[in-house]
Amino acid sequence: MNTVSSEDHVVKIFDELYSIYGSQNWWPGETQFETIVGAILTQNTSWHNVAKAIENLKSHKLLELNALVEAEPEFVKKLITPVGFFNVKYKRLKSVLDYLVSTELLKFSCEPVEELRDELLAINGIGPETADSILLYAFERPIFVVDAYTRRLFSRLGYGWMEKASYDEIQRFFMESLPLDTGLYNEYHALIVMHSKILCKKKPLCLDCVMTCLMRFEG
DNA sequence: AGCCAGGACTGAG
DNA sequence: CTCAGTCATGGC
């Protein structure tokens with residue numbers, strides 16, 4: 001019988017993942033700006049390809065706000081070619097950069113996170129996951145990032161409703177199940193990604209891994 | 001040789 | 001609102 005609340009279960013799964021993989025030290029990037037650029041470039045794209053694009057930008061001294069906005073569009077597109085969708089992604093990137101240029105960076109540590117989120121979502125090319133990734137990983141605001149891995153893993157851990165649920169519904173579930181904690185949200189999302197893509201490469205998500213988690217939870 | 005990657009927008013019904 | 005089509009490269 002399962003008398004454990006979903007709150008405890010969600011915490012338990014975190015503890016389990018953390019005990020297996022340890023601290024992930026996300027986001028994989030050195031600067032705030034690099035994190036923002038990476039958040040755009042990684043849309044539906046493997047991080048392996050994004051890392052190459054980031055490296056290209058870095059080696060041309062373009063991984064900096066002013067330098068990148070003023071760079072030649074076609075040249076930037078060439079540098080980010082490995083990520084695919086480079087035309088749309090350049091446009092999205094440019095939209096965000098223009099927004100950052102016209103904005104006081106200070107507001108990101110003052111304004112209510114809901115308002116910042118709405119501003120980011122208003123930018124063409126910024127959807128919920130990208131907005132939340134920027135808020136959480138670049139500006140260290142406490143907001144839970146949901147992605148395809150989150151849906152898939154938790155669907156198989158007893159939360160089948162996530163398969164069809166909206167982004168906001170899933171996010172609400174996690175944030176109501178966990179304390180409001182930037183560090184916790186940071187690690188949790190990173191651990192879900194790590195677990196999903198390193199250990200469970202098989203598709204659908206390796207059932208053995210899921211069973212291992214469940215059994216350890218039961219025990 | 002396909003299929004998929006740390007999504008989001010658009011247009012059609 | 002729901003949903004297929006679109007964007008495009010690289011790894012397996």
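Convention: sequence-line order gives letters A, B, ...; per-chain numbering from 1.
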* **5'-most by nearest nucleotide on DNA chain B - A:Trp26 or A:Gly125** => A:Trp26
* Side chain of A:Phe85: nearest nucleotide among B:dA8, C:dG11, C:dA8? -> C:dA8
* Just checking A:Ile126: base, sugar-phosphate only, or nothing, at a heavy-atom cut-off of under 4.0 Å? -> sugar-phosphate
* To do: Between B:dA5, C:dA8, B:dG7, spot the one nearest the side chain of A:Ala148, thanks.
  => B:dG7
* To do: Would you indicate which nucleotide in B:dA8, C:dA8, B:dA5 comes nearest to any side-chain atom of A:Thr130?
  => B:dA8
* To do: Describe the nucleic acid contact of A:Gly127 in one word from base, sugar-phosphate, nothing, applying a heavy-atom distance below 4.0 Å.
  => sugar-phosphate
* Asked: When the ring centroid of A:Tyr188 is compared with that of A:Tyr18, is the distance short of 6.0 Å?
  -> no
* Asked: Across the strands shown, which category fits A:Lys52 at heavy-atom distances under 4.0 angstrom: base, sugar-phosphate, nothing?
  -> sugar-phosphate
* Given DNA chain B, 5'-ward residue of the pair A:Tyr137 and A:Asn124, judged by closest heavy atom -> A:Tyr137
* To do: Tell me which nucleotide among B:dA5, B:dA8, C:dT9 gets nearest to the side chain of A:Arg92.
  => B:dA8
* Asked: What's the closest nucleotide to the A:Thr81 side chain, out of B:dA8, C:dT9, B:dA5?
  -> C:dT9
* Sugar-phosphate only, base, or nothing, as touched by A:His189 at under 4.0 Å among non-hydrogen atoms -> nothing
* Proximity to the side chain of A:Ser46 - top-ranked nucleotide from B:dA8, C:dG10, B:dA5 -> B:dA5
